**Student:** 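Could you have a look at this structure, given as structure tokens, before my questions?
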Amino acid sequence: HWKSTPHLAMWEPDSGRVLKVTDSLLPWGGLIGKGLHALTHNPHTYEPQEKPLADRDIYLTDLTNGQRKLLLQQQDGSDFHLMGSPDGHFVIYLRDKDWHSYNIATGLHMNLTKGMEFSPSIGSMPGEKPAYGIGGWCPEDSSVLLYDEYDVWRFSAYGSQSERLTKGRESGKVFRIVPYQEHQKATIANRTMTMGAYDLNDKLLLSARASDYSKNGYYLWERGKGTREIAYTAKSTKNIRKAKDSDIFVWTEEDYGTPIRLMAKTSKSRNKIVYSSNKQQSDFLQGRMEGVQYLTPKGTKLRGLIYYPA
């Protein structure tokens with residue numbers, strides 16, 4: 001049935017050259033980086049099988065000359081485990097619980113995270129366990145930003161060095177990067193994802209949550225200074241935005257007893273309530289919620305919530 005589906009093609013108006021990127025044999029895929037290469041595959045190659053997403057053979061096509069080659073055989077089917085770099089120099093992929101980079105220019109594969117835990121050791125479904133994820137890239141594809149269970153790491157895409165940027169493991173916080181500029185946002189086209197780019201000489205905006213989910217909020221990371229709290233609370237915090245030319249942030253927060261409200265903070269001020277919704281709620285009796293901890297008969301520590309009526 002792939003013969004009747006739309007296919008991706010490239011057309012060069014000046015030269016008149018036309019190149020089919022996808023076809024009936026490799027019907028899924030898209031461009032990576034700056035559009036000089038494409039990743040394609042057939043999602044039905046290994047069907048039928050028992051995994052939620054079937055493995056796939058990944059092909060790399062050089063759009064400058066039309067040459068296509070097999071890049072990865074029987075690669076895990078998740079779109080989040082295979083991505084191109086923003087400038088198109090690398091393909092990064094998860095294989096056997098490790099992140100690998102493929103240098104398109106040299107044809108070399110490099111295991112970036114060998115001996116480190118960047119994918120959970122257990123999972124609830126068959127197949128490759130989902131990785132903690134990719135945060136983005138550094139300018140010129142020099143490094144990739146990867147997540148372990150708690151922290152953000154920088155790995156050279158060439159495999160030469162790595163560094164941990166945050167200290168979430170020590171404090172029990174899970175840090176993840178929040179894109180707030182257009183070039184930092186991930187893009188996806190035809191099931192091919194490319195993460196955004198972050199200059200580590202600038203500040204990183206991070207989301208944070210307690211490992212037990214009791215608190216959440218936002219932090220600002222700066223080279224040589226580490227992380228600085230913007231907001232960290234037991235309320236639900238969402239929708240953060242940053243001013244273009246200054247460290248002014250706004251976000252929303254709410255909980256069971258607090259209607260959604262708009263908060264703001266500058267680099268030197270305390271958190272300020274800009275606007276509160278549902279002001280009439282204070283005129284009525286409200287229920288409340290309380291967090292509790294308890295032990296199961298087997299001695300396992302669990303957390304729960306008790307909701308009290310008005």
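Here the structure is a predicted model, which means the values were calculated and not measured.
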**Student:** Please find the pair of heavy atoms, one from Val292 and one from Leu305, that lie closest to each other, and give the distance.
**Tutor:**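 Residues Val292 and Leu305, closest heavy atoms: CG2-N, 4.3 Å.
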**Student:** Would you indicate whether the side-chain heavy atoms of Val21 and Thr40 approach each other to under 4.5 Å?
**Tutor:**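 Side chain of Thr40 against side chain of Val21, heavy atoms only: contact under 4.5 Å found.
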**Student:** Check whether any side-chain N or O of Asn111 sits under 3.5 Å from a backbone N or O of Thr113 as a donor-acceptor pair, and report yes or no.
**Tutor:**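 At least one qualifying donor-acceptor pair exists.
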**Student:** Flag the pair Leu220 / Thr227 as yes when at least one side-chain heavy-atom distance between them is below 4.5 Å, and no otherwise.
**Tutor:**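 A side-chain contact is absent here, since even the closest heavy-atom pair is not under 4.5 Å.
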**Student:** Compare all side-chain heavy atoms of Phe155 with those of Phe118 and state whether any distance is below 4.5 angstrom.
**Tutor:**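 A side-chain contact exists here, since the closest heavy-atom pair is under 4.5 Å.
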**Student:** Check for me whether Lys167 meets the cation-pi criterion with Phe175, that is, NZ or CZ under 6.0 Å from the six-membered ring centre and within 45 degrees of the ring axis.
**Tutor:**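 Relative to the ring axis of Phe175, which defines the angle, Lys167 lies outside at least one limit.
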**Student:** Taking all non-hydrogen atoms of both residues into account, name the closest pair between Val274 and Ala264 and its distance.
**Tutor:**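 The pair with the smallest heavy-atom distance is CG2-CB, 3.4 Å.
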**Student:** Please say whether the positively charged group of Arg288, taken as NZ for Lys or CZ for Arg, lies over the ring of Tyr308, i.e. under 6.0 angstrom from the six-membered ring centre and within 45 degrees of the axis.
**Tutor:**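 Verdict for Tyr308: a cation-pi partner in Arg288.
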**Student:** Would you mind reporting whether Val91 and Leu82 have side-chain heavy atoms less than 4.5 Å apart?
**Tutor:**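 Answer yes - side chains close enough.
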**Student:** For Ser269 and Thr266, indicate whether the former's side chain and the latter's backbone hold a donor-acceptor pair under 3.5 Å.
**Tutor:**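 A pair under 3.5 Å: yes.
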**Student:** Is the backbone of Gln67 close enough, under 3.5 Å, to the side chain of Asn65 for a donor and an acceptor to pair up by distance?
**Tutor:**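 Yes, the answer is positive, given that a donor and an acceptor are paired below the 3.5 Å cut-off.
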**Student:** Identify the two heavy atoms, one from Glu140 and one from Asp87, that lie closest to each other, and give their separation to 0.1 Å.
**Tutor:**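 Scanning both residues, the minimum pair turns out to be CA-OD2, 3.1 Å.
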**Student:** Using 4.0 Å as the upper bound for N to carboxylate O, is an ion pair formed by Lys114 and Asp98?
**Tutor:**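 Salt bridge absent between Asp98 and Lys114.
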**Student:** Compare every heavy atom of Tyr180 with every heavy atom of Gln184, then report the nearest pair and how far apart it is.
**Tutor:**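 In terms of heavy atoms, the two residues are closest at OE1-N, 2.9 Å.
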**Student:** Let's go through Thr252 and Met263 carefully: what are the C-alpha distance in whole Å and the side-chain angles of both, what is the deciding distance for side-chain contact (heavy atoms from CB on, under 4.5 Å) to 0.1 Å, and is it a yes or a no?
**Tutor:** CA-CA 6 Å; Thr252 60; Met263 307 294 295; over 6 Å; no
**Student:** Is any side-chain heavy atom of Tyr219 less than 4.5 Å from a side-chain heavy atom of Tyr232?
**Tutor:**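 SC-SC contact between Tyr219 and Tyr232 confirmed.
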**Student:** For the pair Arg223 and Asp199, find out whether any cationic side-chain nitrogen is under 4.0 Å from an anionic carboxylate oxygen.
**Tutor:**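 Answer for the salt bridge query: no.
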**Student:** Kindly indicate, with the supporting measurements, whether the criterion side chain to side chain donor-acceptor pair (under 3.5 Å) is fulfilled by Asp76 and Ser78.
**Tutor:** CA-CA 6 Å; Asp76 167 55; Ser78 172; 4.6 Å; no
**Student:** Quick check on the hydrophobic clustering: are Trp153 and Met195 connected, directly or via other members, by side-chain heavy-atom contacts under 4.5 Å?
**Tutor:**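 Same cluster.
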**Student:** Look only at the side chain of His109 and the backbone of Ser101, and say whether a donor-acceptor pair between them is shorter than 3.5 Å.
**Tutor:**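 Here the side-chain-to-backbone pair does not exist.
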**Student:** Given Arg56 and Thr45, is the side chain to side chain donor-acceptor pair (under 3.5 Å) satisfied, shown in steps?
**Tutor:** CA-CA 6 Å; Arg56 49 191 176 163; Thr45 299; over 6 Å; no
**Student:** Check the hydrophobic clustering (I, L, V, M, F, W, Y; side-chain heavy atoms under 4.5 Å; chains of links allowed) and say if Leu205 and Ile177 are grouped together.
**Tutor:**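 Different hydrophobic clusters.
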**Student:** For residues Tyr102 and Leu71, determine if any side-chain heavy atom of one lies less than 4.5 Å from a side-chain heavy atom of the other.
**Tutor:**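 They are in side-chain contact.
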**Student:** Please determine if Lys34 and Asp141 form a salt bridge, counting it only when a charged side-chain N lies under 4.0 Å from a carboxylate O.
**Tutor:**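 Looking at Asp141 together with Lys34, the answer is no, because their closest N to O distance does not fall below 4.0 Å.
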**Student:** I'd like to know if the side chain of Asp62 reaches the main chain of Arg68, judged simply by a donor and an acceptor atom lying under 3.5 Å from each other, with no hydrogens or angles considered.
**Tutor:**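 Absent.
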**Student:** Measure across Leu63 and Gly35 and return the closest heavy-atom pair with its distance rounded to 0.1 Å.
**Tutor:**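 So the two residues come closest at CD1-O, 3.2 Å.
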**Student:** Quick test of your reading of the model: are Glu170 and Arg164 salt-bridged, counting only N-O distances below 4.0 Å?
**Tutor:**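 A salt bridge is present here (some side-chain N lies under 4.0 Å from a carboxylate O).
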**Student:** Is it true that a side-chain atom of Glu149 and a backbone atom of Ser211 form a donor plus acceptor pair closer than 3.5 Å?
**Tutor:**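 Absent.
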**Student:** In the structure I gave you, are the side-chain heavy atoms of Val144 and Leu112 within less than 4.5 Å of one another anywhere?
**Tutor:**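 Touching, per the 4.5 Å side-chain cut-off.
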**Student:** Tell me whether Asn42 contacts the main-chain N or O of Leu25 through its side chain, where contact means a donor paired with an acceptor under 3.5 Å.
**Tutor:**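 Checked: pair present.
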**Student:** A cation-pi test, strictly: NZ or CZ of Arg176 under 6.0 Å from the centre of the six-membered ring of Tyr147 and no more than 45 degrees from its axis. Yes or no?
**Tutor:**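 Cation-pi check for Arg176 and Tyr147: passes.
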**Student:** Of all heavy-atom pairs between Asp148 and Glu117, which one has the smallest distance, and what is that distance?
**Tutor:**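 Scanning both residues, the minimum pair turns out to be CB-O, 3.6 Å.
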**Student:** Are Lys242 and Asp247 ion-paired here, with the side-chain N under 4.0 Å from a carboxylate O?
**Tutor:**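 Asp247 and Lys242: salt-bridged.
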**Student:** Same hydrophobic cluster for Leu36 and Met10, using side-chain heavy-atom links shorter than 4.5 Å among ILVMFWY?
**Tutor:**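 They do not share one cluster, since no chain of ILVMFWY contacts under 4.5 Å joins Leu36 to Met10.
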**Student:** So for atom CD, which belongs to Glu47, do other residues, nucleotides or ligands contribute more than 12 heavy atoms lying within a distance under 6.0 Å?
**Tutor:**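 Yes, CD of Glu47 has more than 12 neighbouring heavy atoms, counting only those of other groups under 6.0 Å.
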**Student:** Salt bridge check: are Arg261 and Glu253 linked by an N-O gap of less than 4.0 Å?
**Tutor:**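 Glu253 and Arg261: salt-bridged.
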**Student:** Please check: side-chain N/O of Asp79 versus main-chain N/O of Met193, any donor-acceptor pairing under 3.5 Å?
**Tutor:**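 Not confirmed, Asp79 side chain does not pair with Met193 backbone.
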**Student:** If you define the side chain from C-beta out and look only at heavy atoms, does anything of Gln161 sit under 4.5 Å from Arg154?
**Tutor:**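 Yes, at least one pair of side-chain atoms sits under 4.5 Å.
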**Student:** Quick one: OH on Tyr198 to CG on Leu204, what's the gap to the nearest 0.5 Å?
**Tutor:**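 Here the interatomic distance stands at 8.0 Å.
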**Student:** So does Lys265 get a backbone contact from the side chain of Asn271, meaning a donor-acceptor N/O pair under 3.5 Å?
**Tutor:**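 No; judged by distance alone, with no hydrogens or angles, the pair does not exist.
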**Student:** Quick check: does any side chain N or O of Ser277 sit under 3.5 Å from a backbone N or O of Ile260, one acting as donor and the other as acceptor?
**Tutor:**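 Looks like yes, one N/O pair under 3.5 Å.
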